[in-house]
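Side chains are part of it too, since the values below use all heavy atoms of this structure and drop only hydrogens, waters and symmetry mates.
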Amino acid sequence: MYTLVTNNEITKFINYPKSLVIGDVRYPAKIFQLWSQSELNAIGIYEVITDTTNYKDEAYYINTNEQYNFADNQVTKSWGTATPKRLENENAVDKDGNNLLDDDGNQVINYGLKTEKKKIVKQQASGLLAPTDWYVVKSTEVADYDVPANILSFRADVRSKSNEMETQIDACTTVEQLETLYTYTEQEDRSVTRPLAEFPKEI
């Protein structure tokens, strides 16, 4: 992205190379490819430099105060201090602070990150178990059929890991801790792991 700076003020955003008029001169789109940065700067065109110092993962934070500033011959895009998203569930309320109820009279809940993450864990576990559900169904319908031991073991491991993951998620008291559970890092043996437990591989 580029901007047009006039009298030290950002006057236009240029999202992609295109022909444009500056003063009384029309410049072709090719200048963005052929001209150097100093040549573009000379006519007021500056490439936007992104400062991600305050920017955080949108899965866990609300990034605030996106702004563009021109200083020291450079245009910078930056953000204010990020706000952690809600970790726990809370009752939804109206503008007057009264509890919001659904059409059946039940309290409306604003779900926090913990609930959302645990929902995903349950969905992943269900997806892993689904291909082998037929073994269990067959065992209930066919008297002399037993579910193979490796299938039983796999299904038990999936449920165990699912419970372990949910326990780890529930133990988090800050958004930073929750984010860390999902952050992969390289170990001394060059393997890449995360603190959150992993599901067993499909069979």
Side-chain angles (χ1 to χ4, degrees), residues 50 52-64 66 79-203:
T50 301
T52 59
T53 302
N54 291 331
Y55 186 86
K56 293 192 175 184
D57 190 338
E58 291 184 340
Y60 303 93
Y61 298 88
I62 299 171
N63 291 294
T64 61
E66 180 180 305
W79 290 265
T81 302
T83 303
K85 289 186 177 181
R86 184 176 55 256
L87 196 62
E88 307 287 352
N89 296 342
E90 67 177 15
N91 290 342
V93 297
D94 60 22
K95 62 181 181 180
D96 297 319
N98 301 312
N99 287 340
L100 283 176
L101 305 179
D102 61 20
D103 293 338
D104 296 322
N106 301 311
Q107 173 66 51
V108 176
I109 303 296
N110 290 326
Y111 294 110
L113 287 174
K114 284 186 180 181
T115 296
E116 293 176 358
K117 292 296 186 182
K118 289 191 292 183
K119 180 180 178 181
I120 293 173
V121 167
K122 287 182 171 66
Q123 291 172 339
Q124 291 173 331
S126 178
L128 287 169
L129 292 172
T132 58
D133 282 347
W134 70 270
Y135 288 98
V136 179
V137 173
K138 183 176 179 179
S139 70
T140 63
E141 297 177 346
V142 180
D144 60 350
Y145 178 80
D146 293 321
V147 179
N150 67 318
I151 299 299
L152 289 174
S153 177
F154 169 76
R155 292 174 67 85
D157 287 345
V158 169
R159 291 193 176 92
S160 177
K161 286 299 181 183
S162 179
N163 292 336
E164 183 181 341
M165 288 180 176
E166 291 193 44
T167 297
Q168 288 178 277
I169 291 170
D170 276 329
C172 293
T173 58
T174 66
V175 170
E176 289 81 0
Q177 291 175 350
L178 182 63
E179 183 180 15
T180 298
L181 283 183
Y182 289 85
T183 301
Y184 284 93
T185 56
E186 185 174 347
Q187 308 306 310
E188 291 184 1
D189 62 358
R190 294 192 176 182
S191 62
V192 180
T193 64
R194 65 179 183 179
L196 188 67
E198 298 281 4
F199 280 111
K201 294 182 179 180
E202 295 182 61
I203 58 173

Heavy-atom pair of closest approach, residues Thr132 and Arg155: OG1-NH1, 2.8 Å

Heavy-atom pair of closest approach, residues Tyr135 and Pro148: CD2-CD, 3.6 Å

For residues 107-118, which side-chain donor-acceptor pairs fall under 3.5 Å, sequence neighbours excluded?
| residue | atom | partner | partner atom | Å |
| --- | --- | --- | --- | --- |
| Gln107 | OE1 | Asn99 | ND2 | 3.4 |
| Gln107 | NE2 | Ala92 | O | 3.0 |
| Gln107 | NE2 | Leu100 | O | 3.2 |
| Lys114 | NZ | Glu88 | OE2 | 2.8 |
| Lys114 | NZ | Asp170 | O | 2.9 |
| Lys114 | NZ | Cys172 | O | 2.8 |
| Thr115 | OG1 | Asn89 | OD1 | 2.8 |
| Thr115 | OG1 | Asn89 | ND2 | 3.0 |
| Lys117 | NZ | Tyr60 | OH | 3.3 |
| Lys118 | NZ | Asp170 | OD1 | 2.9 |
| Lys118 | NZ | Asp170 | OD2 | 3.4 |

Hey, mind stepping through Trp79 and Thr50 against side chain to side chain contact (heavy atoms under 4.5 Å, CB included) and telling me if it holds? CA-CA 9 Å; Trp79 290 265; Thr50 301; 3.7 Å; yes

Using a 3.5 Å distance criterion without hydrogens, assess whether the side chain of Glu198 forms a donor-acceptor pair with backbone atoms of Thr193. no

Of all heavy-atom pairs linking Val121 and Tyr182, the shortest is CG2-OH, 4.5 Å

Atom of Met165, atom of Ala197 and distance for their closest heavy-atom approach: CE-O, 2.5 Å

I'd like to check the side-chain contact (heavy atoms from CB on, under 4.5 Å) partners of Lys119; sequence neighbours left out, ordered by chain and number. Gln123

Heavy-atom count around Asp96 CG within 6.0 Å, excluding the residue itself: above 12? yes

Do Gln187 and Thr185 meet the criterion of a side-chain donor-acceptor pair at a distance under 3.5 Å? yes

Sorted by first residue and then second, give each salt bridge (Lys or Arg N to Asp or Glu O under 4.0 Å) pair with at least one member in residues 173-189; sequence neighbours left out. none

Quick one: which of Val175, Thr173, Leu181, Thr180 gives a side chain to side chain contact (heavy atoms under 4.5 Å, CB included) with Gln177? Thr173

